[in-house]
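Only one structure is covered here, and it is reproduced in the block below.
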2 protein chains.
Amino acid sequence: MKPDHFEVTSACSAVHHILARVGDKWTVLVVSYLGNRSMRFNELKRAINGISQKMLTSTLRSLERDGFVTRTVYPTIPPRVDYELTDLGRDLLVPVRGLGDWAIKNEQRVSEARARFDAAHGDAQVQRRFADAAE
Amino acid sequence: MKPDHFEVTSACSAVHHILARVGDKWTVLVVSYLGNRSMRFNELKRAINGISQKMLTSTLRSLERDGFVTRTVYPTIPPRVDYELTDLGRDLLVPVRGLGDWAIKNEQRVSEARARFDAAHGDAQVQRRFADAAE
DNA sequence: CAGGATCCTCGATGATACTG
DNA sequence: CAGTATCATCGAGGATCCTG
């Protein structure tokens with residue numbers, strides 16, 4: 001670990017790729033559900049409230065491409081497609097849960113810091129800049 | 001952990017907030033640099049190749065708001081502003097590095113899975129859908 | 001030096017309609 | 001059921017100019 005330089009190698013982009021992946025809107029939710037058991041497309045869609053069919057499709061495709069889930073098609077009528085976590089996908093869940101646990105454990109400290117910041121900087125300005133605060 | 005339902009509580013949004021934060025384009029890079037020592041604004045800007053001044057500002061503001069960094073102004077001329085990680089910020093680095101280490105360790109498996117997927121699905125279609133692959 | 005204010009682009013996400 | 005195809009939107013992010 002150098003003092004003020006990071007090697008911009010494949011390691012760097014690998015880290016960024018994974019961070020961006022788990023940081024996106026639906027990936028972790030999908031993977032979490034599949035962590036329990038394999039699920040069908042519409043089953044996932046119903047379980048994850050608010051996801052559009054397009055985003056579920058593209059999220060699943062990306063996860064499949066990276067080797068985190070398998071897609072199994074049963075050529076029946078009507079068709080049936082099962083999605084299931086791979087070992088790699090289950091493995092990913094471990095460090096992701098680490099971050100999740102950290103988030104839950106420190107939720108209070110973060111929201112306190114936010115309240116302090118907002119109070120110190122006047123609500124008007126802050127609310128303009130962080131209009132998403134209510135999320 | 002219920003079989004197929006997640007409580008949509010504050011814990012859920014806390015987790016999502018942290019995941020989205022570490023998944024964004026610059027946060028982890030900024031926090032990593034500050035993990036070594038406190039740094040000034042333009043010092044960070046030079047260190048992080050490609051970040052715009054606007055994004056550095058907003059990234060730092062968000063980090064400050066959530067209590068991950070402190071902002072210290074020295075009213076000299078020219079002005080000087082130091083950014084430094086808080087204990088909370090340093091603490092966050094632990095699980096984030098966990099994920100980073102996982103990414104580095106499994107980089108090979110992911111890229112192999114990708115190669116397999118792309119080969120199996122024909123380059124034309126894949127390349128249209130995942131034009132960002134070269135990133 | 002450390003930003004604030006503006007303008008602009010583009011991609012992520014969503015809504016809707018259609019199909020094997 | 002499990003998608004694909006299209007169109008529309010909206011905000012993240014970048015470029016540029018300005019100032020205390």
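All chains are named by letter (A, B, ...) in the order of the sequence lines, taking the proteins before the strands, and each is independently numbered beginning at 1.
- If you find the closest nucleotide of DNA chain D to K54(A) and to V81(A), the one lying nearer the 5' end belongs to V81(A).
- Put simply, CG on N42(A) is 9 Å from P on dG3(D), counting in whole angstrom units.
- In this structure, CZ of R80(B) is placed 8 Å from P of dA2(C), rounded to the nearest angstrom.
- Side-chain nitrogen and oxygen atoms of Y83(B) include at least one within less than 4.0 Å of the OP1 or OP2 phosphate oxygen of dG3(C).
- Heavy-atom nearest nucleotides on DNA chain D were determined for T57(A) and for D24(B), and the one closer to the 5' end corresponds to T57(A).
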(request) Mind running side-chain contact (heavy atoms from CB on, under 4.5 Å) on L60(A) and F41(A) for me, showing each step along the way? (result) CA-CA 9 Å; L60(A) 287 168; F41(A) 185 87; 4.0 Å; yes
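- Distance, W26(A) CH2 to dA12(C) C1': 12 Å, rounded to whole Å.
- Look at CG on L56(A): it is 13 Å from C1' on dG14(C), rounded to the nearest Å.
- The side chain of R40(A) contributes no N or O atom lying less than 4.0 Å from OP1 or OP2 of dC1(D).
- Here K45(B) does not reach the OP1 or OP2 of dG3(C): none of its side-chain N or O atoms lies under 4.0 Å away.
- Contact annotation: side chain of Q53(B) to base of dG13(D), donor-acceptor pair absent below 3.5 Å.
- Between R61(B) and dG4(C) there is a side-chain polar atom (N or O) within less than 4.0 angstrom of OP1 or OP2.
- The side chain of P79(A) lies closest to dC1(D), out of dA17(C), dA2(C), dC1(D).
- Residues L60(B) and G50(A) both approach DNA chain C. Their nearest nucleotides, taken by heavy-atom distance, put L60(B) toward the 5′ side.
- For K25(A), the listed nucleotide lying nearest its side chain is dT13(C); candidates were dT13(C), dA2(C), dC1(D).
- E64(A) places its CD atom 14 Å from the C1' atom of dA2(D), with the value rounded to the nearest Å.
- Per the geometry, CD1 belonging to I51(B) stands 15 Å off P belonging to dA12(D), to the nearest Å.
- Contact between the side-chain N/O atoms of R71(B) and the OP1/OP2 oxygens of dG3(C) is found at a separation under 4.0 Å.
- Without hydrogens or angle criteria, R80(A) side chain to R40(A) main chain gives no donor-acceptor distance under 3.5 Å.
- The CE atom of M39(B) sits 4.5 Å away from atom CG of L44(B), with the distance rounded to the nearest 0.5 Å.
- If you measure from atom OH of Y74(B) to atom P of dG3(C), you get 13 Å, rounded to the nearest angstrom.
- We find that CD1 of I48(B) is positioned 14 Å from P of dA2(C), with the value rounded to whole Å.
- Here the straight-line distance linking atom CZ of R116(B) with atom CG of D118(B) works out to 11.0 Å at 0.5 Å rounding.
- Rounding to the nearest 0.5 Å places OG of S62(B) at 8.5 Å from CZ of F117(A).
- For M55(A), the listed nucleotide lying nearest its side chain is dT13(C); candidates were dT13(C), dC1(D), dA5(C).
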